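The structure appears below as structure tokens.
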Amino acid sequence: MLRLLAQGLTDATVAKRLNVSLRTERRMVADLMRRLGASGRFEAGVKAARRRWI
């Protein structure tokens, strides 16, 4: 999921590629942001890269 988001794909495209609903994808993004302690997607991407998650 992080790789797809890092490519700049929309929520709908990420959900489709992961074969999950848009609502599920958004919950997954929210959970990632919570785990990373990020308040926005850009910040989440930076923190994920620093942790070498992507």
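Note that the numbering runs from 1 along the sequence shown for the chain. Just so it is clear, the values below take in all heavy atoms, side chains as well, and ignore hydrogens, waters and symmetry mates. Keep in mind that this is a model prediction, so the values were computed, not measured.
One finds the CG atom of D31 at 9.5 Å from the CE atom of M1 (value rounded to the nearest 0.5 Å). Rounding to the nearest 0.5 Å gives a distance of 7.5 Å between CG of L32 and CG of L5.
Annotation: salt bridge (Lys or Arg N to Asp or Glu O under 4.0 Å) contacts involving residues 1-15, sequence neighbours excluded, comprise D11-R26, D11-R41. The side chain to side chain donor-acceptor pair (under 3.5 Å) analysis of residues 45-54, with sequence neighbours excluded, yields the pairs E43-K47.
Here the closest heavy-atom approach between residue A48 and residue L2 is recorded as CB-CD1, 4.1 Å.
Counting Ile, Leu, Val, Met, Phe, Trp and Tyr side chains that sit under 4.5 Å apart, directly or through other members, F42 shares a hydrophobic cluster with V46.
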Identify every side-chain donor-acceptor pair in residues 16-24 under 3.5 Å, counting partners at least two apart or on other chains, and give the distances.
{"from": "S21", "atom 1": "OG", "to": "T24", "atom 2": "N", "distance (Å)": "3.0"}
{"from": "S21", "atom 1": "OG", "to": "T24", "atom 2": "OG1", "distance (Å)": "2.9"}

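Applying the salt bridge (Lys or Arg N to Asp or Glu O under 4.0 Å) test to R27 and every residue at least two apart in sequence or in another chain returns nothing.
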